[in-house]
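No experiment lies behind these values; they were computed from the predicted model shown. Lettering follows sequence order; numbering is per chain, from 1.
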Number of protein chains: 2
Amino acid sequence: MIGTLAAVLTTAAWLPQLLRAWRERSAGDLSWLYLGTMTAGLASWLVYGTSRHDAALLGANAVSLVLVLALSAVKVVTDRRRT
Amino acid sequence: MIGTLAAVLTTAAWLPQLLRAWRERSAGDLSWLYLGTMTAGLASWLVYGTSRHDAALLGANAVSLVLVLALSAVKVVTDRRRT
């Protein structure tokens with residue numbers, strides 16, 4: 001129960017960050033090393049969830065990974081526009 | 001093994017983001033709703049890790065929580081300076 005709440009919160013958190021970056025057309029304060037390491041980490045969680053047949057782990061990290069990749073895409077586009 | 005790697009990566013990712021915000025004195029692109037939801041989520045993972053007596057879960061999320069709180073503190077200070 002608290003584990004499910006935790007998974008939902010740490011996954012849902014990416015949504016307002018993605019929306020903010022999109023609305024403001026600005027993600028310059030985000031570190032590429034942060035987004036890259038987080039992407040590698042979430043991908044590892046996915047592999048781990050698959051090997052453990054853990055649907056909750058799989059689902060939460062799949063959604064997080066999609067949101068982080070979308071955030072990275074917004075950063076690519078908006079960083080380019082500013083230079 | 002892959003689970004440990006995943007935990008290390010998603011925890012370590014916060015470090016470059018914290019360092020960048022500190023060095024640039026800028027965290028305006030970070031959403032409060034993101035940092036707040038992430039803090040609540042990591043705190044929930046801590047409670048879950050405690051109830052499960054899972055040292056890896058506890059350690060990874062305790063470090064992440066400290067880094068996110070430090071990042072939030074940098075944001076409070078640098079956002080104020082800009083207005």
>> Assigning hydrophobic clusters by single linkage (Ile, Leu, Val, Met, Phe, Trp, Tyr; side-chain heavy-atom cutoff under 4.5 Å), is A:Leu42 placed with A:Val63?
In response: yes
> Are A:Leu33 and B:Leu9 joined in one hydrophobic group, where the rule is that I, L, V, M, F, W and Y side chains link up if heavy atoms are under 4.5 Å apart?
Replying inline: no
> Are A:Val68 and A:Leu58 linked, directly or through other ILVMFWY residues, by side chains that come within less than 4.5 angstrom of each other?
Replying inline: yes
> What's the spacing between A:Leu5 CG and B:Ser44 OG if we round to 0.5 Å?
Replying inline: 4.0 Å
> What option among A:Thr11, A:Thr37, A:Leu15 has the most heavy-atom pairs under 4.5 Å with chain B?
Replying inline: A:Thr37
> To the nearest 0.5 Å, how far apart are OG in A:Ser31 and CD in B:Glu24?
Replying inline: 9.5 Å
> Got a second to check how far A:Gln17's CD is from B:Asp29's CG, nearest 0.5 Å?
Replying inline: 7.5 Å
> Tell me, side chain or backbone of A:Ala43 under 4.5 Å from chain B's heavy atoms, or both, or neither?
Replying inline: neither
> Any side-chain heavy atom of A:Thr10 within less than 4.5 Å of one from B:Met38?
Replying inline: yes
> So if you build clusters from Ile, Leu, Val, Met, Phe, Trp, Tyr with side-chain heavy-atom gaps below 4.5 Å, do B:Leu65 and B:Trp22 land together?
Replying inline: yes
> OH of A:Tyr34 to CG of B:Leu30: how many Å apart, nearest 0.5 Å?
Replying inline: 7.5 Å
> Given a strict heavy-atom distance threshold of 4.5 Å, which part of A:Trp32 is in contact with chain B: side chain, backbone, both, or neither?
Replying inline: neither
>> I need the residue from B:Gly49, B:Ala21, B:Ala12, B:Gly28 with the largest number of non-hydrogen atom pairs under 4.5 Å to chain A.
In response: B:Gly28
> Would you say B:Val66 and B:Trp14 are hydrophobically clustered, going by side-chain heavy atoms of ILVMFWY under 4.5 Å?
Replying inline: no
